[in-house]
2 protein chains.
Amino acid sequence: MTALHERIRRDIESRILSGEMMPGDRLPIEHDLMAEYGCSRMTVNKAISALAAAGLVNRKRKAGTFVAAPKAHAMVLDIPDLAHEIQESGQKYRYRLLHREICNAGKVDSSLEIEGDVLWTVGVHIADGKPFAHESRAVSLTAVPEIDDAVFDPDSPGTWLLKHVPWTEAETAISATAVSDREARALGVADNTACLSLIRRTWRSGEHITAVRQLFLGDSYTLVARFGASA
Amino acid sequence: MTALHERIRRDIESRILSGEMMPGDRLPIEHDLMAEYGCSRMTVNKAISALAAAGLVNRKRKAGTFVAAPKAHAMVLDIPDLAHEIQESGQKYRYRLLHREICNAGKVDSSLEIEGDVLWTVGVHIADGKPFAHESRAVSLTAVPEIDDAVFDPDSPGTWLLKHVPWTEAETAISATAVSDREARALGVADNTACLSLIRRTWRSGEHITAVRQLFLGDSYTLVARFGASA
DNA sequence: TAGTGGTCTAGACCACACA
DNA sequence: GTGTGGTCTAGACCACTAC
């Protein structure tokens with residue numbers, strides 16, 4: 001038994017997603033939907049408000065409720081967790097630490113855009129013995145002083161951070177780049193191979209916690225973003 | 001004057017996003033929030049339900065409402081519209097059609113994964129006279145027969161489709177690749193330059209409308225996905 | 001079993017935008 | 001003015017589940 005407001009929402013949503021109702025079409029007014037479903041206005045309002053929050057419809061006083069034009073930007077991007085993803089597919093995951101150093105952020109890859117004293121780590125993510133991704137990470141020692149005591153060979157610094165330091169904001173920048181010679185060696189590929197570069201920065205109440213740059217081989221890793229098909 | 005339920009939602013949201021409340025912490029029960037804000041239970045419920053819908057809290061009967069652990073996957077990806085983006089930055093946008101053909105989908109780049117008879121177009125997006133992105137697109141003639149009459153030199157096929165054929169579902173796959181010699185010539189770059197590849201497919205009520213593969217120079221184009229900072 | 005959220009009602013007044 | 005959504009109330013009963 002699904003809730004009535006949920007049934008109303010799905011009814012209308014499916015009419016929109018199926019193309020039966022086109023962008024710009026006007027929905028019945030709340031009063032008519034009350035009659036149609038035999039319920040109170042609050043229930044109808046809850047259903048339509050949910051659609052409005054999801055961006056499927058626009059509501060205007062006096063004018064009514066209209067099917068919105070789908071927005072191509074603002075898709076939902078699924079960024080899988082490396083260790084989890086690999087283990088799910090039945091492969092054996094491991095992180096291999098290549099470099100670890102306490103230093104000033106100025107010494108680290110400038111694309112990470114972090115400041116102050118940091119713990120800088122470089123390593124590779126390995127699936128069934130095969131290098132899968134290269135990672136260069138800086139963790140702010142001001143924000144996370146206790147990370148100095150952590151050990152990173154079975155688990156990656158990312159896993160350690162997830163367990164110990166919750167973040168409240170994150171940003172991921174995606175671009176393509178050719179691997180440098182050092183990175184190519186670590187990954188076991190030819191120089192200048194095309195790689196997908198993910199730079200992720202996380203904050204906690206405005207304070208920068210960590211920045212990481214991960215390189216994936218271009219032909220073996222794909223990110224997918226979706227819009228629609230919420231059913 | 002903001003609505004009361006909105007004020008309650010923001011109050012609690014800011015306590016979570018600031019890190020004042022940690023994942024796992026329990027929120028006050030609805031009855032206590034009623035007293036705190038001097039309102040009815042429906043109003044409190046609307047505020048907390050919105051937080052639950054946004055994934056910031058988890059609600060459990062008998063147990064209470066708890067701050068959720070932030071999910072790294074499911075970030076919001078902003079995919080800018082090419083023509084719009086370029087014109088906003090004060091540059092002059094143009095699309096140059098390189099190839100146009102009615103053919104069977106089998107002849108087109110297999111990565112587009114489309115079937116049946118299609119209109120296949122290849123072209124480049126140009127900003128201030130400089131090639132910016134390479135595009136190969138297939139449009140289903142079954143779904144959009146009228147596209148045969150369209151002209152694509154001032155506007156791109158994507159722009160035409162946006163105006164004429166609303167879609168209901170979309171998927172974007174992001175990867176990195178080295179450009180082929182033909183693509184490199186069209187873009188005016190060296191062979192094997194690392195590029196960001198976006199493959200987007202759109203549907204309308206389950207029917208495949210179009211698939212497009214766009215290549216961007218790796219060092220001049222970045223996608224950004226965000227989590228948090230909803231204020 | 002009892003505490004908590006999930007849902008719903010039948011009203012009410014207000015704010016806005018179009019006529 | 002008038003029609004539409006925006007918000008809110010003061011209850012009610014139910015469903016789940018941790019205790």
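Residue numbering restarts at 1 for every chain, and letters A, B, ... go by the order of the sequence lines.
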Euclidean distance, atom NZ of residue A/Lys46 to atom P of C/dC8 [Å, nearest integer]: 7 Å
A/Arg59 CZ - D/dT7 C1' separation (whole Å): 12 Å
Whole-Å gap separating C1' (C/dG5) and CG (B/Asn58): 13 Å
Sugar-phosphate, base or nothing in reach of A/Thr65, heavy atoms under 4.0 Å: sugar-phosphate
Side-chain donor/acceptor of A/Ser18 to backbone N/O of A/Ser14, under 3.5 Å: yes
Nucleotide-resolved protein contact map, nucleotides 9-19 of chain D, B/S/- at heavy-atom distance under 4.0 Å: BB-B--BBBB-
Donor on one side chain, acceptor on other, B/Glu207 and B/Ser205, under 3.5 Å: no
B/Ile12 and B/Leu56, any side-chain heavy atoms less than 4.5 Å apart: no
Whether A/Thr159 side chain and A/Asp155 backbone form a donor-acceptor pair below 3.5 Å: no
Lys/Arg-Asp/Glu bridge criterion (N-O < 4.0 Å) met for B/Asp78, B/Arg226: no
Side chain A/Thr202, main chain A/Ile209, donor-acceptor under 3.5 Å: no
Integer-rounded Å distance: C/dG6 C1' and A/Glu6 CD: 12 Å
A/Phe66 CZ to D/dG3 P, straight-line distance once rounded to whole Å: 16 Å
Atom-to-atom span, NE2 of A/His31 to P of D/dG6 - whole angstrom: 17 Å
Parallel, tilted or perpendicular: rings of A/Tyr221 and A/Phe216 (30°, 60°): parallel
Interatomic distance where CD1 belongs to B/Ile48 and C1' belongs to C/dT7 [whole Å]: 16 Å
Touch class at under 4.0 angstrom, heavy-atom based, for A/His5 against every strand present: sugar-phosphate
Between D/dC8 (P) and B/Arg9 (CZ): distance, integer Å: 13 Å
Complement of D/dC16, any strand, by Watson-Crick or G-U distances under 3.5 angstrom: C/dG3
